[in-house]
Structure formats: structure tokens, C-alpha cells
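Any value given below was found using the heavy atoms of this structure, including those in side chains, with hydrogens, waters and symmetry copies removed. None of these values were measured; they are calculated from a predicted model. Remember, it's 1-based here, ligands and their atoms both numbered in the order they're listed.
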Amino acid sequence: MTAKVNTTSKAWKSRPIPFPSLGKPPAWAQASAAEWRDWRWQLRHRLRSPAELRRIFPSWTPAAEDERAAEQFRMAVTPYYAALIRAPEESDPIFRLCVARAEELHDARFHEADPFGEAAHCPLPGIIRRYRDRVLVTATLECAVYCRHCTRKHTVGGQGRRGAADPRRAAAWIAARPEIREALISGGDPLLLSTDRLDRLIGALRRGAPNLDLIRIGTRIPAALPQRVDRALCAMLRRHHPLWMNLHFNHPAELTAEAARACERLADAGIPLGNQAVLLRGVNDDADTLEALFRGLLRMRVRPYYLFQCDPVRGTGHFFTPPERGRALMRELRRRLTGLAIPAYVRDAPDGESKIPL
Ligand SMILES: *Cc1c(COP(=O)(O)O)cnc(C)c1O
């Protein structure tokens, strides 16, 4: 009746404290240490197709279909994030998370590009409203690293119809609807905006929409491009409290010294940090991996908030994990871990009142 939980295979040892620094791999020997630490250098040198990954794995040859997948669904991997890949193969969790694969083109399980009808809940560019008291504000359609399991994989990367929000128009629209109490700035990744532009967006919402109790930022930057979290960014963000932030770490291999430092800076700026992980087959669908992830996050002062069932978006079927398995994993984790380390296991639903606990 209950799914059996695999607790022995793929044990990913918890990383020691302090988290190990990744360093600059040999493939990037020409880059100076200062360039490696520069987030704009990291962005400019992203790997944009499976073939470009041969820069760090010269003996590997991707299939033509993998290349086609990267044309259909945008791929970009920062040199930093690519350095987390240990081997260019399906069994490597980081490879699975970021490298375009033929499976994305042949999804027999999921058929819809926009299963939650976000396009229909978009009253003006860059605003998605599916709940009464919350709106999602799209800051940009760009990400540092494009997740292969992305719920917006058909729109991110600039190919979609929905653009980024205009700060003043978004604020005026929210102010005209006093029942809205929270703006969730998302995307794309809002921390890819320059510090000044992000300051103007948050400032416009703060000044123009006094009905907002909270502003929340959703970002994968501490995992994908931790160099972006610099002092100037944190100094700006702390002027806009109450500001909350939800991060997106999926695997303990992402918990490096660089990521820990980014989280430390954000937490020191007074921002409560949560994590939204996605349950992904072949990445983190076993108890040892999730335990190491949630324990590591708490050490980085990040509270596990949600564990999402993967959204039924065309091109992500190979990540599907049955909900029975997810429930069995949650039971096992509750046995092993403090309540602080236990996220809510939820799925999104079309026209739901909120996320639905599984
Ligand atoms: C998930 C989501 C939110 C935030 O939901 P919480 O349960 O408050 O984290 C807001 N707007 C949209 C459109 C969402 O999909």
C-alpha cells in the first residue's frame, strides 16, 4: 500500500561545515579570479547548448536531438553552475537539472504548455493574478540558468507573449485593488535586473501600492549565480522591508561555500529566506538526498518552505515522480528531521485557491 522508500542508493553525504568552495575549474584557467567572481562575466560566459558543454567535457558528444532541444527550450548554464557537474550523464543530478535533453521534445506524459492558464490570468503585461490576495509580478523573462523542469519553460528566455512589468503601471493596478496584500516578484529571475532597476521596481510598488503588506522575491540566483549577491544589492534590499525571499535549491550538491555566503548576506540584511524545491525523478527523489538538502539549507539559514510536485508542463514528463512516492518520502523525512526542516509537499492546480497539500 505504501510506496517503499529507497534509503540506501545515491546517498549524498552532507557537506561539512563550512561548505566547500567550488573554485575555478581548469577549463576556465584563462579567466582571472576577479573575473570568475564577477557576476556579469559569469553571465557573458554561459554555456548555451549541450555542444558548448564540451568546453568542460571535451570527450563528450551530445546527440543531435539534445541540440534541437536547446533550440526549442532555451538553455544557459553559468560557468559556476556548470562546475557543479561531475560527469555529463543522466545520473548526474546537476547535469539533469540544467542540460537540454532529447526527452524534452518527446514528452508522452504532459501535453500542455501552460497548464495553469497563466496567460489567461494576465490582466496587464507582467502581472499574473490567480489568488485574491496575491499577485505575481514578472520582473524579467531572463534567468541565469534555465531549469529543465521550469513551469514557464515555454515563455522564459524572452520567447513568450507576456513581457516584464512596467513598475508604475503595475503599482497603480495593484493600488486600485485593495484586497491585494502581497506582490511576489518573480520571472524569469528578478535578481538579474541591475540593482538600480530592481530598486526602482520595488520602490514603485512600495510607494505606489500602500495596500501591499509584503513584497516577496522568488529567485534561483543563490544557487545559479551566487556572485550576484553583492553588498550593493543587499544594502538596497534592506531599505525595502518587510521583504521576504524564496530561493530554489534542489540538490545538496548546490550547497557550496559561494551559495552559503550569498544566503548569509541576504539573511544578514534581515530577509527571511525560504526554499522552494521541486521533487524531480533522478535528481532528488530519495530520502537521503532530501535529508541532506534540507539539513544543509537550515545550516545556511534557509527554511524549507515548499516541496513542489513537478508541474505538468510539456517537456518535463521525464521528471515526473508519483505523488505516492512523494508522500512516502515525506513520512520518512518526518521521522528523521526537525519540523523546521520539513517543507509542505504541495502541487499547483488550475484555478486553485492556493497550492494544494498532497
Ligand atoms: C504560487 C503562487 C503564488 C504564491 O503562493 P504561496 O502559496 O503564497 O507561496 C502567487 N501567485 C501565483 C500565480 C502563484 O503561482
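- Checked against a 6.0 Å centroid threshold, the rings of Trp60 and Phe95 count as neighbours.
- With a 4.5 Å cut-off on side-chain heavy atoms, Pro123 and Trp173 count as touching.
- Aromatic pair His149/His318: ring centres not closer than 6.0 Å.
- Using a distance-only test at 3.5 Å, with no hydrogens or angles considered, no donor-acceptor pair links the side chain of Arg265 to the main chain of Ala262.
- Protein residues are said to neighbour a ligand when one of their heavy atoms lies under 4.0 Å from it; for ligand 1 these are Arg130, Tyr131, Arg134, Leu136, Leu184, Arg216, Tyr305, Tyr306, Asp348, Lys355.
- Remark: Arg55 qualifies as a cation-pi partner of Trp28 under the 6.0 Å distance and 45° angle criteria applied to the six-membered ring.
- In terms of hydrophobic clustering, with Ile, Leu, Val, Met, Phe, Trp and Tyr side chains grouped at heavy-atom distances under 4.5 Å, Phe320 and Leu329 are assigned to different clusters.
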